[in-house]
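Below, all heavy atoms of this structure are taken into account, side chains as well, without hydrogens, waters or symmetry copies. Letters go in sequence order (proteins before strands), and every chain restarts at 1.
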Amino acid sequence: MTTETKQGGPRAATPCLAGLCAGLMRRDLAPGAPWLSTLPVLLGAVLALLLASGMALAVFYDPRAAQASLRFIALEVPAGWIMRGYHVTGAGLGFVLLYVHLFRMLLTRGYRGPAAAGWMLWVTLLAALLLAGWLGFALNGGLGGYWSLIDAISASLALSGPAGGVAMWFFGGAPGDGTLARLLVFHAVLGVAAAGLLWLACAATRQARPAPAGRMVAFWPVYAAQAFAALALLALVFALLMCFAPHWGQGAQSQLPASSLAVPAAVSYPWYLTPLAGLTALFPGAGGHALAVIAAAAALYALPWLDRSGGGAPGGLYRALTWLLGLDVLGLGLSAVCPLAAGLQILLFVWFFIHFLVLTPAVTAMEAA
Amino acid sequence: MMRHRFLAPLLAAGLLACGAARAENTLTPLHFQSDGWRGSIDKAAAQRGFAVYQSVCASCHGMSGLHYRDLEGIGLTPEQVAGIAASIKLADGSAATPDSLFKPPGAVNMGGAVPPDLGAIVAQRPGGTRYVYEFLTGFGPAPDGMTLLPGHFYNRAFPGGQVSMPNVLRDNAVTYADGTKASAAQEAADVAEFLTWSSDPDLAERHIIGLRTVIFFALLAMVALAAKRRIWREEG
């Protein structure tokens, strides 16, 4: 075989590979993007790991004996503890990446104008991953997840009308032997959907990029080198957490067996669900919870139109308020871990909506003027 | 005494007949080989701890998920495991095999309190290994002014101070085959190490793999950062 056929063969056979290579070498990217712009790539890597380890776990997981089968995986399945570690640590770190990326989009106003479609996809991704994360919390079979699920099912089955119908379809009726088997399917479907959503969100953001102007660079090797270094750092943090803090951020009840007799005073959530838990805590019942979630999602979806600034760069006041919003969300999370004074809890909740519905339009209009 | 029913066959099976190695002193000051980020299971202690579990605790507490063959994880040979299993009578009267799950205890209910499964107890209690040790050595006379509920015992480590499990560890409650002196505190430390293993059998492997992986990725990250800086200087 000559070198010629060796080189020509695969390229002719795989034109899309050649197209991909050409795309990676095209000089259409502005130089000097910050490290944080690698977050979507890192999230993609973590999602891929979650899907792969999730498939491996699903082979051995038994929804009818959730915690016992997870113990079986840890004790009996070769490298089972590694699969669990990938999945658990991947979920925790994935949410770190997602929250930081969303915060950065808020801070840099990465949701405006043509990027609005991308922003809405990111918000949808957040919703999908939060739901998948909550289902994972329930599938873990720990005491907290069990009671969170029981509460959610019994509250939502009390709903009437179409909302009750949706809840009935989702949970498949009163909690029983088949509930977790059903939710496992949703968990997996949401995981795959999240990968698709991430891809769409990145594609939409790419579409919204300003036309190339001035000196441009190609992905290869400039941003490939950056992404590779970021991935190596992520892997370092991943290994540290997985091997030396395997229960990090999972909530105090995740190790306790689910039991219908031991009713915890309060469910302790994994850290990434705490802001959501804090946001919904003020409204009892499934209807109230759903309302709070829908209102928060609506505020996030509407953000591109709530921002009245036109094209200008974000001003100092807007940035300060965004940092305050970050603290507000942290506070909401904290309120789900240790109960705060009722007044403070209400303030945190109300502030979240004031930020989007009142302050954002007012401050952006003021700073644009 | 019923508790010793298991002990003779265990010893006969040659359990712990691995020489006269004496326990390293883990009691003063109290420390466990499994402590910390480089911790691993002290297999000799875990084997002694299994003897304590089997002869003292197993009549009340189960160990869900564990098979007798899993004891190879604390350094027992397949022959020793087979001997241990053969000495255990299952509920249907047949002898256990290495592939049997640990024999569950009969239904025990002490004044409404059911003994918890000990399989993952170290992961389930704040304080882990140390808490189990302190719980097992925490029995004593109730302080003045404390009225014990009926069927309860004072324990200074247990939240609330009153527990329905009696103090079960005494000096020489077991005889250790490796010659270690079986003080009550030694038994408590050994069974705590055994329960640490059963909660987290991959502890040692995880720490070793973790250390190697962290070193590898730290080096890789340094190289990748250097490469990135260089490429950006030339192209960026």
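- Atom CG of B/Asp202 sits about 8.0 Å away from atom CD1 of A/Ile82, to the nearest 0.5 Å.
- In terms of heavy-atom proximity, B/Val214 sits nearest to A/Leu236 at O-CD1, 3.3 Å.
- Using a 4.5 Å heavy-atom cutoff, the side chains of A/Phe228 and B/Leu220 are in contact.
- Using a 4.5 Å cut-off between heavy atoms, A/Ala33 contacts chain B through its backbone alone, with no side-chain atom that close.
- When the shell of 6.0 Å around CE of A/Met25 is examined, it contains 12 or fewer heavy atoms from other residues, nucleotides or ligands.
- Taken from CG in B/Asp200 to CD in A/Gln255, the straight-line distance is 9.0 Å, to the nearest 0.5 Å.
- At a 4.5 Å heavy-atom cutoff, B/Arg230 makes no contact with chain A through either its backbone or its side chain.
- Qualifying salt bridge (Lys or Arg N to Asp or Glu O under 4.0 Å) partners for B/Asp92, counting only residues two or more places apart in sequence or in other chains: none.
- Of all residues spanning residues 70-80 of chain A, those with a heavy atom less than 4.5 Å away from chain B's heavy atoms are A/Arg71, A/Ala74, A/Leu75, A/Glu76, arranged by number.
- Listed options B/Pro116, B/Ser64, B/Ser199 were ranked by heavy-atom pairs under 4.5 angstrom with chain A; first place goes to B/Ser64.
- Heavy atoms only, all atoms of each residue included: A/Cys243 and B/Arg206 are closest at O-NE, 3.0 Å.
- Top candidate by heavy-atom pairs under 4.5 Å with chain B, chosen from A/Ala245, A/Pro257, A/Pro221, A/Ala224, is A/Pro221.
- Counting heavy-atom pairs closer than 4.5 Å to chain A, the top residue among B/Ala226, B/Gly39, B/Pro126, B/Ser198 is B/Ser198.
- Across A/Ser254, A/Ala229, A/Gly85, A/Ala230, the residue that shares the most heavy-atom pairs under 4.5 angstrom with chain B is A/Ala229.
- A/Ala232 and B/Ala221 get closest at one heavy-atom pair: CB-CA, 3.7 Å.
- Contact of B/Arg125 with chain A is made through the side chain alone, with heavy-atom distances under 4.5 Å.
- Atom CZ of A/Arg209 has more than 12 neighbouring heavy atoms from other residues, nucleotides or ligands inside a 6.0 Å radius.
- Per-residue heavy-atom pair counts under 4.5 Å with chain A were compared for B/Gln124, B/His67, B/His207, B/Glu205, and the maximum is reached by B/Gln124.
- Around the CH2 atom of A/Trp220, the shell of radius 6.0 Å holds no more than 12 heavy atoms that belong to other residues, nucleotides or ligands.
- For a residue to count as touching a neighbouring chain, one of its non-hydrogen atoms must lie under 4.5 Å from one of that chain's; by this rule B/Leu66 touches chain A with backbone and side chain alike.
- Residues B/Trp232 and A/Val222 approach most closely at NE1-O, 2.9 Å, considering heavy atoms.
- Within a 6.0 Å sphere centred on CZ of B/Phe139, other residues, nucleotides and ligands contribute more than 12 heavy atoms.
- If you measure heavy-atom distances from A/Ala235 to chain B, the contacts under 4.5 Å come from both the backbone and the side chain.
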